[in-house]
A.B. asks: 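Here it is, the structure, as C-alpha cells.
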Amino acid sequence: MTRAWNFSAGPAALPEPVLRRAQAELLEWNGSGASVMELSHRGKRFMELAAEAEASLRRLLGVPSGYKVLFLQGGATQQFALVPMNLAGPGDHADYIVTGHWGEKAVREAAPYIDARIAATSESDHYLKLPDRDTWRLSPGASYVHYTTNETIHGVEFHDIPDVGDVPLVADMSSNILSEPLDVSRFGLIYAGAQKNIGPSGFVVMIVRDDLLARAGRPMAKIFRYAEHAANDSMLNTPNTWGWYLAKLTFDWLEEQGGLAAMGEHNARKATTLYDAIDGSGGFYRSPVEVSARSRMNVPFTLHDSALDAAFLAESEKAGLLALKGHKAVGGMRASIYNAVPQEAVDVLVKFMRDFATRHG
Ligand code: PMP
C-alpha cells in the first residue's frame with residue numbers, strides 16, 4: 001500500500017498519525033470492548049471524549065468565555081440556511097460579503113428566510129480579488145454580516161478580519177479554520193464543515209456567542225435551533241460520534257504540533273514554496289488571483305497552454321500526486337494544501353512542476 005500526496009480540496013488529506021491511531025483503535029477503543037462507533041454517545045467514555053474534544057478546541061483557538069462550542073451535522077451548507085433562521089426573524093435583513101462560489105451559495109440558501117443583501121462582491125472581477133473596502137455597503141440594522149474567510153474554489157482568502165462595527169460577524173471558515181491563530185472575540189459566530197482541516201465530511205464545528213444563542217430567530221423545529229443544541233451539549237439527537245472522535249484526534253495532533261502558531265508557520269512556508277514556483281516559472285504556470293488575496297490553503301493555477309492540462313493531470317497522478325484538477329467553475333489546476341499536507345508533499349509537487357515544464361516547455 002502506498003499513500004499518494006493528496007491535494008484534494010475536500011474531503012481532503014487527514015494527518016497520517018490520526019488515521020493510524022483510528023486504525024489501531026478501530027476494533028476496540030479505550031478499553032471499552034467495542035469500536036467508538038458502536039458505543040452509546042451517553043456512555044461515560046464517549047461523554048469524556050466529547051468534553052475533551054471541546055476543551056482541546058477551546059485551547060487551540062483561545063475561545064473566550066461567553067461562547068458556546070457546538071458539534072453539529074449536515075455540512076456547512078445546512079448552516080447557510082440555519083444561520084438566518086436562528087439569527088434573524090421574519091422580515092429582518094442581513095449583509096453578505098461575496099468573494100466566491102460559497103458566498104454566493106450562502107446568499108441563495110438564506111434568501112427563503114430573510115432579505116439577504118449583497119453588501120459587497122468581487123463577482124465582476126471573477127472572484128480573483130477581494131472587494132475594495134470602500135465599495136462595501138453595509139446596511140443599518142442588519143442582523144449580521146456574513147463572509148467566507150477562504151473561498152475554496154477561487155483560492156481567495158481574507159488575511160485580516162473585517163471591521164463591521166457592532167453588527168455580529170458570521171464566518172464560514174470551512175476551508176481555513178485552525179490553519180493559523182485566530183482572534184475569536186471578533187466574531188459572533190464561526191462555523192466550519194470538517195472535511196478539510198478537522199475530520200470527516202458531514203460533521204460541523206461551530207463557535208457561537210451567547211447573546212446570539214438567545215435570539216428568538218423564527219419559528220422552527222427544535223432540531224434546527226442552535227440554542228437547543230447548546231442546551232443539550234450537542235447531543236439533542238445522536239451526534240456523529242465517529243466524526244467527533246476523529247475531530248478530537250485531529251485537535252490532539254494539532255496540539256502536539258505546537259498549536260496554531262506552529263500551524264500558521266507551516267502553512268505559510270508551504271504556500272510560499274508553491275506560489276514562488278508558480279511565479280518563478282517564467283510564465284509556464286500562472287496564479288490568476290491578486291497577490292494580496294491569495295489563499296494559503298487552495299492554490300489554483302493555470303498552465304500557459306491549456307492543451308497541456310490533460311498531460312499534466314495524467315503525469316502528476318502517475319507520479320503519486322492526487323486531485324490536482326481545478327474546479328470546473330475555474331478550470332486549470334488547484335493544489336489544496338491544508339494543515340495535514342506536509343511540506344514534503346509541496347516539495348514533491350514543485351519538483352514535478354519544474355520537470356513537467358522542462359519536458360513540455
Ligand atoms: N463553505 C466552504 C468554504 C466550502 O469549501 C464548502 C465545501 N467545499 C462548503 C461551504 C460546503 O460544505 P458541505 O459540502 O460540507 O456542505
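Heavy atoms only: backbone and side chains are in, while hydrogens, waters and symmetry mates are out.
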A.B. asks: Above 12 or not: heavy atoms from other molecules or residues under 6.0 Å from CD of Glu317?
C.D. replies: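 No.
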A.B. asks: Decide whether Asp92 and Tyr113 meet the rule of one side-chain donor and one side-chain acceptor closer than 3.5 Å.
C.D. replies: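 The criterion, which ignores hydrogens and geometry beyond distance, is not satisfied for Tyr113 and Asp92.
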A.B. asks: Locate the shortest heavy-atom distance separating Ser35 from Leu26; write the atom from each residue and the value.
C.D. replies: CB-O, 2.9 Å
A.B. asks: Could you state the interatomic distance from OG1 (Thr152) to NE2 (His327), rounded to the nearest 0.5 Å?
C.D. replies: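 Answer rounded to 0.5 Å: 9.5 Å.
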A.B. asks: Answer with yes or no whether the hydrophobic clustering places Leu57 together with Met235; edges join I, L, V, M, F, W, Y residues whose side-chain heavy atoms lie under 4.5 Å apart.
C.D. replies: yes
A.B. asks: With sequence neighbours left out, what residues match Ser316 under side-chain contact (heavy atoms from CB on, under 4.5 Å)?
C.D. replies: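 Only Phe312, Leu321, Leu324, Phe352 meet the side-chain contact (heavy atoms from CB on, under 4.5 Å) criterion with Ser316.
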A.B. asks: Start with the C-alpha gap between Asn176 and Asn197, add the side-chain angles, then the distance that decides, and say whether side-chain hydrogen bond (donor to acceptor under 3.5 Å, both in side chains) holds.
C.D. replies: CA-CA 7 Å; Asn176 67 351; Asn197 269 340; over 6 Å; no
A.B. asks: Test His146 against Tyr96 for ring-ring contact (aromatic ring centres under 6.0 Å, His included), laying out the working first.
C.D. replies: CA-CA 5 Å; His146 179 284; Tyr96 281 75; 4.9 Å; yes
A.B. asks: Quick check for you: to the nearest 0.5 Å, what is the distance between Ile223 atom CD1 and Gln73 atom CD?
C.D. replies: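 Those atoms lie 7.5 Å apart.
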A.B. asks: Please assess Asp172 against Thr148 for the test side-chain hydrogen bond (donor to acceptor under 3.5 Å, both in side chains), listing each intermediate value before the final yes or no.
C.D. replies: CA-CA 5 Å; Asp172 173 2; Thr148 315; 4.7 Å; no
A.B. asks: Evaluate whether atom CZ of Arg137 has more than 12 neighbouring non-hydrogen atoms of other residues, nucleotides or ligands under 6.0 angstrom away.
C.D. replies: no
A.B. asks: Hydrophobic clustering (ILVMFWY, side-chain heavy atoms < 4.5 Å, transitive) - are Tyr67 and Val167 grouped together?
C.D. replies: yes
A.B. asks: Are more than 12 heavy atoms, taken from residues, nucleotides or ligands other than Asp166, located less than 6.0 Å from that residue's CG atom?
C.D. replies: no
A.B. asks: Just to verify, what does Arg42 make a salt bridge (Lys or Arg N to Asp or Glu O under 4.0 Å) with, not counting sequence neighbours?
C.D. replies: none
A.B. asks: Walk me through it: do Tyr226 and Tyr191 pass the test side-chain hydrogen bond (donor to acceptor under 3.5 Å, both in side chains)?
C.D. replies: CA-CA 12 Å; Tyr226 295 150; Tyr191 63 94; over 6 Å; no
A.B. asks: Determine, stepwise, if the pair Asp183 / Ser185 fulfils side-chain hydrogen bond (donor to acceptor under 3.5 Å, both in side chains).
C.D. replies: CA-CA 5 Å; Asp183 182 0; Ser185 72; 2.6 Å; yes
A.B. asks: Quick one: does Glu28's side chain have a donor or acceptor within less than 3.5 Å of a partner on Gly33's backbone?
C.D. replies: yes
A.B. asks: Got a sec, which pairs hit salt bridge (charged side-chain N to carboxylate O under 4.0 Å, His left out) with one end in residues 288-307, sequence neighbours left out?
C.D. replies: Glu157-Arg296, Glu180-Arg296, Asp279-Arg294
A.B. asks: Check for a donor-acceptor pair, side chain of Asp163 on one end and backbone N or O of Gly165 on the other, with a separation under 3.5 Å.
C.D. replies: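 Yes, the answer is positive, given that a donor and an acceptor are paired below the 3.5 Å cut-off.
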A.B. asks: Quick test of your reading: applying ring pair (Phe, Tyr, Trp, His ring centres under 6.0 Å), list the pairs with at least one residue in residues 120-141, sequence neighbours left out, ordered by first then second residue.
C.D. replies: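 Output for this query lists Tyr127-His154.
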A.B. asks: Give, for atom NE2 of His266 and atom CD1 of Ile337, the distance between the pair rounded to the nearest 0.5 Å.
C.D. replies: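 Between His266 NE2 and Ile337 CD1, I get 8.5 Å after rounding to 0.5 Å.
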A.B. asks: Looking at residues at least two apart in the chain, or sitting in another chain, which of them share a side-chain contact (heavy atoms from CB on, under 4.5 Å) with Gln78?
C.D. replies: Leu82
A.B. asks: If you measure from CD on Glu255 to CG on Leu260, what distance do you get to the nearest 0.5 Å?
C.D. replies: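 Reported value, rounded in 0.5 Å steps: 9.0 Å.
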A.B. asks: Check for a donor-acceptor pair, side chain of Arg45 on one end and backbone N or O of Gly31 on the other, with a separation under 3.5 Å.
C.D. replies: yes
A.B. asks: How would you list, by chain and number, every residue that makes a side-chain contact (heavy atoms from CB on, under 4.5 Å) with Lys105, sequence neighbours excluded?
C.D. replies: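 Residues passing side-chain contact (heavy atoms from CB on, under 4.5 Å) with Lys105: Thr77, Phe80, His101, Trp102, Arg108.
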A.B. asks: Please check if the number of heavy atoms outside Phe158 that lie under 6.0 Å from its CZ is greater than 12.
C.D. replies: yes
A.B. asks: Determine the interplanar angle of the Trp244 and Phe203 rings, folded into 0 to 90°, and report it as parallel if under 30°, tilted if 30 to 60°, perpendicular if over 60°.
C.D. replies: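 Tilted, since the angle between the ring planes falls between 30° and 60°.
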A.B. asks: Quick one: closest heavy-atom pair of Ser179 and Asn267, and the distance?
C.D. replies: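 So the two residues come closest at O-ND2, 2.9 Å.
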A.B. asks: Identify the two heavy atoms, one from Ser175 and one from Tyr338, that lie closest to each other, and give their separation to 0.1 Å.
C.D. replies: O-CE2, 3.4 Å
A.B. asks: Going by the angle between their ring planes, with limits at 30° and 60°, are Phe71 and Phe251 parallel, tilted or perpendicular?
C.D. replies: tilted
A.B. asks: Aromatic ring centroids of His304 and Phe284 under 6.0 Å?
C.D. replies: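 Centroid distance His304-Phe284: below 6.0 Å, so yes.
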A.B. asks: Between the side chains of His360 and Glu315, is a donor N or O closer than 3.5 angstrom to an acceptor N or O?
C.D. replies: yes
A.B. asks: Is the shortest side-chain heavy-atom distance between Ile278 and Met353 below 4.5 Å?
C.D. replies: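 The answer is yes, as the side chains (C-beta and beyond) meet within the 4.5 Å cut-off.
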